[in-house]
Q: 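Sharing a structure here in structure tokens format.
All chains are named by letter (A, B, ...) in the order of the sequence lines, taking the proteins before the strands, and each is independently numbered beginning at 1.
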Protein chains: 2
Amino acid sequence: MKPQGKKKATIYDLSVLSGCSASTVSAVLNGTWRKRRIKESTAELIQGLAEQHQYTANLQARGLRNSRSGLVGLLLPVHDNRYFSSMAQTFEAQVRSHGKCPVVVSASRDPQEELATVETLISYSIDELFIAGATDPDSVHCLCEAAGIRHINIDLPGTKAPSVISDNYQGARLLTQAIIKRFDDAAAPLKPEELFLFGGRNDHASRERIKGFRDIKTELLGQDSDACIQPTGYSPGMTQKAFEAFYEREGKLPRGLFINSSINFEGLLRFMAQHPHETFADIVVGCYDYDPFGSFLPFPVIMIRQDSESMLAKAFELIEEARPAVKIHLIQPELVHPRTALKGPLDSIRDIDA
Amino acid sequence: MKPQGKKKATIYDLSVLSGCSASTVSAVLNGTWRKRRIKESTAELIQGLAEQHQYTANLQARGLRNSRSGLVGLLLPVHDNRYFSSMAQTFEAQVRSHGKCPVVVSASRDPQEELATVETLISYSIDELFIAGATDPDSVHCLCEAAGIRHINIDLPGTKAPSVISDNYQGARLLTQAIIKRFDDAAAPLKPEELFLFGGRNDHASRERIKGFRDIKTELLGQDSDACIQPTGYSPGMTQKAFEAFYEREGKLPRGLFINSSINFEGLLRFMAQHPHETFADIVVGCYDYDPFGSFLPFPVIMIRQDSESMLAKAFELIEEARPAVKIHLIQPELVHPRTALKGPLDSIRDIDA
DNA sequence: CTTTTTTGCACAATCGATGGTGCAAATAAT
DNA sequence: ATTATTTGCACCATCGATTGTGCAAAAAAG
């Protein structure tokens with residue numbers, strides 16, 4: 001009735017109150033009571049008591065007994081970024097709709113941290129794990145494998161578990177092409193040495209994007225050189241430094257910029273904050289990630305929206321298969337033209353107004 | 001040695017392997033072995049075996065026994081937003097540094113969902129709960145209270161548990177003042193009916209911000225009317241509609257805009273996508289939330305950065321107190337001038353380059 | 001060589017829920 | 001009325017780790 005006392009009711013409490021055994025109470029409350037041929041009236045009695053006393057099962061005990069917990073994990077590199085936070089949002093909704101409990105954790109793109117975090121999750125007997133953007137998916141796979149936990153890679157592929165990732169090559173081609181096309185009507189045509197790629201590191205996604213970038217660049221501008229690729233890692237600070245260094249050297253920024261991720265784009269923002277507007281009045285930026293605010297900056301920003309909804313949907317589908325093939329599933333990303341405000345997962349949340 | 005088999009080693013496995021009892025193994029592995037006067041050599045033996053067999057404790061079992069789990073929860077309204085995702089990032093780091101396991105979940109600003117989510121967390125015996133931006137913190141409090149779980153409100157205050165929130169009134173005054181000041185050198189001075197507030201609902205934060213807005217507006221512009229307050233809830237879609245309606249009516253946007261949150265700001269983006277640039281060439285926007293990309297839009301955007309680091313730090317401090325006073329702690333937010341790229345939690349992540 | 005003290009560890013109960021097994025009472029079949 | 005079924009539920013072991021208690025053997029004291 002009232003939320004009295006300090007401790008939660010257990011099946012033993014209800015057992016005493018109802019005069020039934022604990023196993024009967026358990027069966028009634030977890031829904032297996034018909035199978036166990038419990039009388040309907042006893043079931044009702046117990047359900048009534050459970051409600052009165054605000055019984056909720058101790059999920060640790062249940063998990064211990066079943067060696068399943070009802071928890072489904074999502075391992076992210078970082079939260080603080082629209083791509084991943086929107087993935088988290090979608091993930092939660094999906095997991096909830098399956099009647100499970102979502103757990104989102106980040107591991108800072110640190111292989112050690114990734115393994116430690118996953119070990120912790122395994123120790124809580126999570127049922128399934130979605131591994132997004134892991135630096136070392138295969139090691140994570142081994143942990144999951146050993147613990148018998150279904151898992152799948154997202155965003156960055158592994159070689160030992162099925163992976164669902166963006167078609168980074170295709171996305172990069174689209175993006176590069178769109179950047180170049182922006183200069184069609186320009187006074188001076190874009191020269192190959194005016195189109196640079198900044199950001200990324202030696203991961204699968206960056207490699208594919210670089211490949212797409214270079215292929216299209218060669219195709220359309222006839223030429224491309226190593227100097228135009230500036231990997232800076234996934235760090236705003238490092239990216240800013242790269243821009244500063246370039247500017248120091250050349251006295252200007254490249255007219256065309258392919259930026260590997262919104263995190264790197266933040267490095268450009270930092271650069272911008274240090275320099276007058278003229279420094280980049282006529283640049284065209286392509287960013288491999290979508291951020292609604294980024295899309296409205298004062299110069300043309302073409303973005304790639306990775307379709308994390310589809311990626312997750314595919315991943316959920318695969319993870320339910322008995323023995324999914326260890327292959328890479330490519331999801332097509334979407335080109336987003338400048339000044340575009342796309343809807344996101346928040347739009348499906350109903351909001352009650354004042 | 002090799003990550004063989006399917007099942008994880010338990011203390012019973014190690015008990016057999018070492019020839020010691022399970023309780024000895026347990027004591028050695030959880031560090032209480034000195035207190036239990038276990039010989040150093042036995043400890044070493046068992047630790048060696050544990051390492052060889054990759055033992056990790058089953059945290060559900062431990063949690064069941066201790067009725068503590070090592071989990072610390074953060075309840076968010078949504079992930080997909082820089083304010084909350086950056087809070088999640090900071091939270092994780094803090095919790096990890098305390099040797100616990102962070103669990104971040106969102107509840108979509110839905111009171112029902114909030115309660116259900118918290119019940120689930122409680123069923124997993126989380127040790128502490130940080131309640132951020134809950135619509136109904138007091139009901140959540142009751143659940144925690146009944147379960148004996150330490151908890152604290154962040155961002156939106158409750159009346160039954162200590163709360164750490166932004167000084168929304170002061171922040172709104174700062175922001176409103178900064179917006180008005182922007183028009184000091186304008187051709188035509190800003191008139192009271194040209195400064196509007198959009199967004200927010202009937203929650204504590206919105207009310208305080210509205211109060212601050214109106215107070216400063218009256219103070220500096222001599223006048224303020226109810227018509228200048230347009231609460232739209234925390235929804236991009238509703239906010240867009242409000243802008244469209246205004247534009248329909250007035251043929252233009254207000255010159256001065258106070259936008260209640262970055263989520264509402266996205267509503268403005270959607271409006272912008274539908275209208276030519278001239279429609280808002282000379283507006284000044286103040287947004288109560290900081291988003292790095294938002295800060296560089298083509299018109300002046302003044303932002304308020306809520307200091308979630310300090311809020312969390314204070315919250316951690318309070319939650320460790322035995323019986324913290326039920327009061328509201330105000331944290332000062334920071335005014336961010338246009339074209340500013342602040343550092344965030346990601347900057348403390350070390351990044352290994354290609 | 002006894003008695004006392006210390007050392008080192010094993011035993012068993014416990015946390016809460018689950019599910020296989022068994023058994024009495026109620027009901028049906030003969 | 002007797003045997004065969006079915007119904008309804010209780011009993012108990014189990015999941016893995018923790019911890020209070022007790023008791024031998026070893027060491028120290030007498």
Q: Taking all non-hydrogen atoms of both residues into account, name the closest pair between A:Met87 and A:Leu312 and its distance.
A: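 Closest heavy-atom pair between A:Met87 and A:Leu312: O-CD1, 3.6 Å.
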Q: Are any of A:Ser26's side-chain N or O atoms less than 4.0 Å away from OP1 or OP2 of C:dA17?
A: no
Q: Output yes when at least one side-chain N/O atom of B:Tyr12 is less than 4.0 Å from OP1 or OP2 of D:dT14, else no.
A: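 For B:Tyr12, the contact criterion (side-chain N or O under 4.0 Å from OP1 or OP2 of D:dT14) is not met.
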Q: Between B:Lys39 and A:Thr56, which residue's closest nucleotide on DNA chain C lies nearer the 5′ terminus?
A: B:Lys39
Q: When you check the phosphate oxygens OP1 and OP2 of D:dC15, does a side-chain N or O of A:Asn66 lie under 4.0 Å from one of them?
A: no
Q: What is the nucleic acid contact for A:Thr42, judged by heavy atoms within less than 4.0 Å: base, sugar-phosphate only, or nothing?
A: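 Contact class for A:Thr42: sugar-phosphate only.
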Q: Ignoring backbone atoms, test whether B:Thr24 places a side-chain nitrogen or oxygen under 4.0 Å from the OP1 or OP2 oxygen of C:dC9.
A: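 Answer is no, no contact under 4.0 Å.
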Q: OP1 or OP2 of D:dG16 less than 4.0 angstrom from a side-chain nitrogen or oxygen of A:Tyr124, does that happen here?
A: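 No, no such contact exists.
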Q: Report yes if the distance between the aromatic ring centroids of B:His98 and B:Phe316 is under 6.0 Å, otherwise no.
A: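 Yes, close enough.
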Q: Using heavy atoms to find the nearest nucleotide of DNA chain D for B:Arg65 and B:Arg37 separately, return the residue whose nucleotide is more 5′.
A: B:Arg65
Q: With a 4.0 Å cut-off on N to O distance, would you call A:Glu114 and A:Arg109 a salt bridge?
A: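 Result for this pair is no, no salt bridge flagged.
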Q: Verify the distance criterion only: is there a donor paired with an acceptor across the side chains of A:Glu128 and A:His151 at less than 3.5 Å?
A: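 A:Glu128 vs A:His151: no donor-acceptor pair found between side chains.
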